[in-house]
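When a residue number appears, it is its place in the shown sequence, counting from 1. Keep in mind that what you see is a predicted model, and the values were worked out from it rather than measured.
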Amino acid sequence: MGIEIERRFLVDARSDKIWREGTPISVFQCYISGVSHADGKIVWKDFDLVDESNELANISTWRIRKSNGRVVLTAKGFRSGATASEFEWDLSEELYESLPLQGLPCITKTRYLWPGDDGLLWEVDEFEGALSGLVIAEVELENENQPVLIPEWTGLELTNLRGWSNASLSTMIEDVKLR
């Protein structure tokens, strides 16, 4: 089972944008529901996404991300503190282009990979569209107690706060559009 341990922080984007010295990556991701896992396949809307024989229990979020020419299906489990299960599978560009993603909760962002002074890699997301101006930084850890040198440009820690995941933010955008 894959495990993701990460801490997340709100960023004051009015400060010097030091993280922009890192490598930028364009990211587009959509959140899907109604995914089933049976007979060794993960299926969504009659599309066989991937073959997977492992048992996938307690999955809370399914995401399809396109970034740097790579398409990835991700399954995330419920979060406990900074830890959640996470599984990823590559999808073909051809399959991605055939998926009916229009109208789904989606986000677009530029992600900067910024090396921290302690050797940890920070991912700093500058959101676009309806979330323009929002900047969130996260750092992945080996364990929840791993020491982290927190950059001075970070602010409020979001790790244990509900409603700040990318999935929640994408749903919030859809709720606003419907009003």
Side-chain angles (χ1 to χ4, degrees), residues 1-33 58-68 70 72-88 101 103-179:
M1 172 168 52
I3 298 289
E4 172 187 65
I5 303 170
E6 69 180 12
R7 290 180 63 187
R8 303 181 82 225
F9 297 84
L10 199 55
V11 173
D12 183 352
R14 297 172 296 179
S15 64
D16 291 338
K17 295 169 179 53
I18 296 169
W19 60 87
R20 286 187 176 172
E21 296 170 4
T23 304
I25 300 170
S26 293
V27 177
F28 174 76
Q29 55 197 42
C30 289
Y31 294 87
I32 59 177
S33 60
N58 299 317
I59 298 301
S60 62
T61 304
W62 290 90
R63 173 186 77 206
I64 296 175
R65 172 187 283 168
K66 184 172 184 181
S67 178
N68 281 1
R70 182 177 177 217
V72 177
L73 172 68
T74 303
K76 290 192 176 202
F78 292 99
R79 188 161 293 285
S80 175
T83 304
S85 58
E86 181 178 76
F87 305 90
E88 293 187 336
L101 301 177
L104 293 176
C106 298
I107 58 172
T108 303
K109 59 189 178 182
T110 299
R111 171 168 282 176
Y112 293 89
L113 304 178
W114 184 80
D117 292 336
D118 55 4
L120 295 176
L121 183 64
W122 286 79
E123 296 175 343
V124 183
D125 293 339
E126 292 187 13
F127 291 83
E128 299 168 18
L131 294 173
S132 183
L134 177 62
V135 181
I136 295 178
E138 59 188 45
V139 61
E140 291 200 17
L141 306 172
E142 296 291 323
N143 65 69
E144 287 203 30
N145 298 316
Q146 181 176 348
V148 178
L149 184 57
I150 309 295
E152 63 185 31
W153 39 264
T154 61
L156 175 68
E157 183 162 4
L158 305 173
T159 303
N160 295 310
L161 299 179
R162 288 184 148 329
W164 287 95
S165 70
N166 286 324
S168 293
L169 292 171
S170 71
T171 302
M172 179 185 66
I173 294 169
E174 290 305 306
D175 289 345
V176 169
K177 285 181 187 175
L178 295 175
R179 292 186 183 171

| task | Give the C-alpha distance, both sets of side-chain angles, the deciding distance and a yes or no for side chain to side chain donor-acceptor pair (under 3.5 Å) between Thr74 and Arg63. | result | CA-CA 5 Å; Thr74 303; Arg63 173 186 77 206; 3.1 Å; yes
| Would you call Arg65 and Glu88 a salt bridge, using N to O less than 4.0 angstrom? | no
| message | With a 4.5 Å cut-off on side-chain heavy atoms, are Ile136 and Leu169 touching? | response | yes
| Side-chain contact, heavy-atom cut-off 4.5 Å: Leu149 with Leu120? | no
| Looking only at heavy atoms, what is the nearest atom pair of Glu4 and Glu6, with distance? | OE2-OE1, 3.3 Å
| field | Full working for side chain to side chain contact (heavy atoms under 4.5 Å, CB included) between Tyr112 and Val135 | value | CA-CA 11 Å; Tyr112 293 89; Val135 181; over 6 Å; no
| Which heavy atom of Asn160 sits nearest a heavy atom of Gly81, and at what distance? | OD1-CA, 3.3 Å
| query | What is the minimum heavy-atom distance between Gly133 and Ala13, and which atoms define it? | reply | O-CB, 4.4 Å
| Where do Ser60 and Phe78 come nearest, in terms of heavy atoms and distance? | CB-CE2, 3.4 Å
| request: Could you go through the side chain to side chain contact (heavy atoms under 4.5 Å, CB included) check for Ile18 and Trp114 one step at a time? | output: CA-CA 9 Å; Ile18 296 169; Trp114 184 80; 3.6 Å; yes
| task | Return yes if some donor-acceptor pair links the side-chain N/O of Asn143 with the main-chain N/O of Asn145 below 3.5 Å, else return no. | result | yes
| request: Would you indicate whether the side-chain heavy atoms of Met172 and Leu131 approach each other to under 4.5 Å? | output: yes
| From CA spacing to verdict: side chain to side chain contact (heavy atoms under 4.5 Å, CB included), Val124, Thr110 | CA-CA 8 Å; Val124 183; Thr110 299; over 6 Å; no
| request: Using atom types as modelled and distance alone, determine if a side-chain donor or acceptor of Thr159 lies under 3.5 Å from a backbone N or O of Arg8. | output: yes
| message | If I take atom CH2 from residue Trp62 and atom CZ from residue Phe87, how far apart are they, to the nearest 0.5 angstrom? | response | 9.0 Å
| query | Under the 3.5 angstrom rule, does the side chain of Ser67 hit a backbone N or O of Ser26 as a donor-acceptor pair? | reply | yes
| field | Pairs meeting criterion salt bridge (Lys or Arg N to Asp or Glu O under 4.0 Å) with involvement of residues 115-135, two or more places apart | value | Arg20-Glu126, Lys109-Asp125, Arg111-Glu123, Arg111-Asp125
| Side chain to side chain, Ile32 and Leu73, heavy atoms closer than 4.5 Å | yes
| remark: Residue set satisfying ring pair (Phe, Tyr, Trp, His ring centres under 6.0 Å) with Phe127, at least two apart, ordered chain then number -> none
| field | Residue pair Phe9 / Gly155: nearest heavy atoms and the distance that separates them | value | CD2-O, 3.7 Å
| request: Sort out for me which residue in Glu138, Glu157, Glu144 forms a salt bridge (charged side-chain N to carboxylate O under 4.0 Å, His left out) with Arg7. | output: Glu157
| Exercise: identify the closest heavy-atom pair between Thr154 and Ala137 | CG2-CB, 4.5 Å
| field | Trp19-Trp153 aromatic ring centre distance below 6.0 Å | value | yes
| Residues in side chain to side chain donor-acceptor pair (under 3.5 Å) contact with Ser168, at least two apart in sequence or another chain | Ser165
